[in-house]
Amino acid sequence: MKRILWLLFIAAFFTVNSVSAQQGRHGDRIHAIKVGYLTDRLNLSPDQATQFWPVYNQFERDKGAARRAFREKYQKGKNIENLDNPGQYIDDNLDYQQQILDLNKSYKDAFLKVISAQQLADLYQAERDFKKLLIQQLRNRRGRN
């Protein structure tokens, strides 16, 4: 039964992803799919989901803010090969990676108040798997165009 639900979810993922490309609402659609994907993969109870999603959404916003700050500094019209100070880029990149690590560490306790350690480990794996699915979908789209 779980396998059938999983296959239906994957089919819905690709269908919604196709529709979102036509409507131009990638972020909202992807987020909705990710919520369903993670909820299923973590086997969140309704009570856990109610407590988990506000924490997870804030975690994602904090990571996004760090990512945007780094990208604004280095990826808006700047070619890394033409940087005036490549050493500064290296230091800033390491600082960014440290920020992400610090966020993971700081949110660990907040997550563990809501979900089990096994579910947290599953969360990290599910996030990687979801990212792989998105990348594969993008590659498939590029291959068709």
Side-chain angles (χ1 to χ4, degrees), residues 5-6 8-145:
L5 288 174
W6 178 245
L8 287 173
F9 178 78
I10 294 297
F13 168 80
F14 292 118
T15 302
V16 170
N17 200 18
S18 295
V19 170
S20 72
Q22 295 168 359
Q23 295 177 349
R25 298 175 141 190
H26 294 292
D28 292 340
R29 298 278 184 174
I30 291 172
H31 178 74
I33 294 166
K34 186 175 183 180
V35 166
Y37 182 83
L38 293 178
T39 299
D40 182 58
R41 286 283 303 267
L42 300 178
N43 294 315
L44 294 176
S45 70
D47 185 49
Q48 282 180 315
T50 302
Q51 296 175 33
F52 172 78
W53 287 111
V55 175
Y56 185 81
N57 289 335
Q58 184 61 48
F59 174 61
E60 286 288 296
R61 283 190 294 274
D62 290 347
K63 285 193 321 182
R67 185 173 35 256
R68 277 187 302 282
F70 179 75
R71 284 184 175 170
E72 283 177 11
K73 188 169 185 177
Y74 288 103
Q75 294 182 355
K76 284 207 172 186
K78 293 184 180 180
N79 191 343
I80 293 174
E81 291 86 20
N82 297 328
L83 291 175
D84 294 334
N85 186 354
Q88 184 62 48
Y89 169 77
I90 293 168
D91 290 341
D92 288 346
N93 189 340
L94 290 171
D95 288 345
Y96 162 70
Q97 291 178 48
Q98 186 63 52
Q99 282 180 304
I100 298 301
L101 179 60
D102 291 344
L103 284 170
N104 281 318
K105 286 181 178 182
S106 69
Y107 274 88
K108 179 189 82 160
D109 291 333
F111 283 130
L112 289 175
K113 289 178 183 174
V114 178
I115 60 176
S116 70
Q118 181 61 54
Q119 286 174 308
L120 183 56
D122 292 344
L123 171 64
Y124 296 145
Q125 182 62 48
E127 286 180 317
R128 286 189 296 274
D129 292 346
F130 186 79
K131 185 177 178 181
K132 286 178 188 177
L133 283 171
L134 287 177
I135 290 169
Q136 185 60 43
Q137 180 67 14
L138 181 61
R139 285 183 182 145
N140 290 344
R141 286 178 170 273
R142 286 185 179 167
R144 283 188 271 168
N145 292 337

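Starting from 1, each residue takes its place in the sequence as its number. Side chains are part of it too, since the values below use all heavy atoms of this structure and drop only hydrogens, waters and symmetry mates.
Every side chain to side chain donor-acceptor pair (under 3.5 Å) that Asp47 has, sequence neighbours left out, goes to Gln51. Checked against ring pair (Phe, Tyr, Trp, His ring centres under 6.0 Å), Tyr107 has the following partners two or more places apart in sequence or in another chain: Phe59.
At a cut-off of 3.5 Å, with distance as the only test, a side-chain donor of Asp62 or Gln58 sits close to an acceptor on the other residue.
Distance check: Asn57 CG to Phe52 CZ gives 8.5 Å after rounding to the nearest 0.5 Å. With rounding to the nearest 0.5 Å, the separation of CG in Leu138 from CD in Gln136 is 9.5 Å. The structure places CD of Gln97 at 9.5 Å from CG of Asp95, a figure rounded to the nearest 0.5 Å. Considering CD1 of Ile135 and CG of Asn140, their distance stands at 12.0 Å, rounded to 0.5 Å.
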The test is side-chain contact (heavy atoms from CB on, under 4.5 Å); show your working for Ile100 and Asn104 and say whether it passes.
CA-CA 6 Å; Ile100 298 301; Asn104 281 318; 3.9 Å; yes
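You'll find the side chain of Thr39 reaches within 4.5 Å of the side chain of Val35, heavy atoms only.
The minimum heavy-atom distance linking Ala49 with Pro54 is given by the pair O-CD, 4.4 Å. Counting all heavy atoms, side chain and backbone alike, Lys34 lies closest to Glu60 at NZ-OE1, 3.4 Å.
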Without placing hydrogens or testing angles, list every side-chain donor-acceptor pair under 3.5 Å for residues 117-130, not counting sequence neighbours.
| from | atom 1 | to | atom 2 | distance (Å) |
| --- | --- | --- | --- | --- |
| Gln118 | NE2 | Asp122 | OD1 | 2.9 |
| Gln119 | OE1 | Gln48 | NE2 | 2.9 |
| Gln119 | OE1 | Ser116 | N | 2.9 |
| Gln119 | OE1 | Ser116 | OG | 3.4 |
| Gln119 | NE2 | Leu42 | O | 2.9 |
| Gln119 | NE2 | Gln48 | OE1 | 3.3 |
| Gln125 | OE1 | Arg128 | NH2 | 2.9 |
| Gln125 | NE2 | Asp129 | OD1 | 2.9 |
| Glu127 | OE2 | Tyr56 | OH | 2.5 |
| Arg128 | NH1 | Tyr124 | O | 3.4 |
| Asp129 | OD2 | Arg41 | NH1 | 2.9 |
| Asp129 | OD2 | Arg41 | NH2 | 2.9 |

